Amino acid sequence: MIDRLGTAGVAGAVLLLAGLALVAWSAPVVAAGLALVLVGTGLVVKGLATNLLRQFGFA
C-alpha cells in the first residue's frame with residue numbers, strides 16, 4: 001500500500017498522525033472528534049473515487 005501512496009502520500013500520512021498525536025496530548029476528546037472527522041472524510045473520498053472509476057469502467 002505504501003508504494004501506491006508515493007513519497008508525498010507517506011509524508012502526508014506521517015504529518016496527519018503527528019498532528020493528531022499533538023492534539024491528543026493536549027486534548028484527548030478533541031483528538032477523538034478529529035479522528036472521527038478524518039475517517040469519515042476518508043470514507044467519503046474513497047466512495048467518490050470508486051464511483052468515478054466505475055463510471056469510467058476502471059472498477
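Just so we're clear, the structure is a prediction, and the values are computed from it rather than from any experiment.
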- Message: If I take atom CG from residue L22 and atom CG from residue L15, how far apart are they, to the nearest 0.5 angstrom?
- Response: 12.0 Å
- Interatomic distance, CG@L17 vs CG@L38, rounded to 0.5 Å, equals 9.5 Å
- With rounding to the nearest 0.5 Å, note down the distance linking OG1 in T50 to CZ in F58. 13.5 Å
- Can you check side chain to side chain contact (heavy atoms under 4.5 Å, CB included) on L20 and L16, steps first, answer last? CA-CA 6 Å; L20 193 58; L16 184 111; 5.8 Å; no
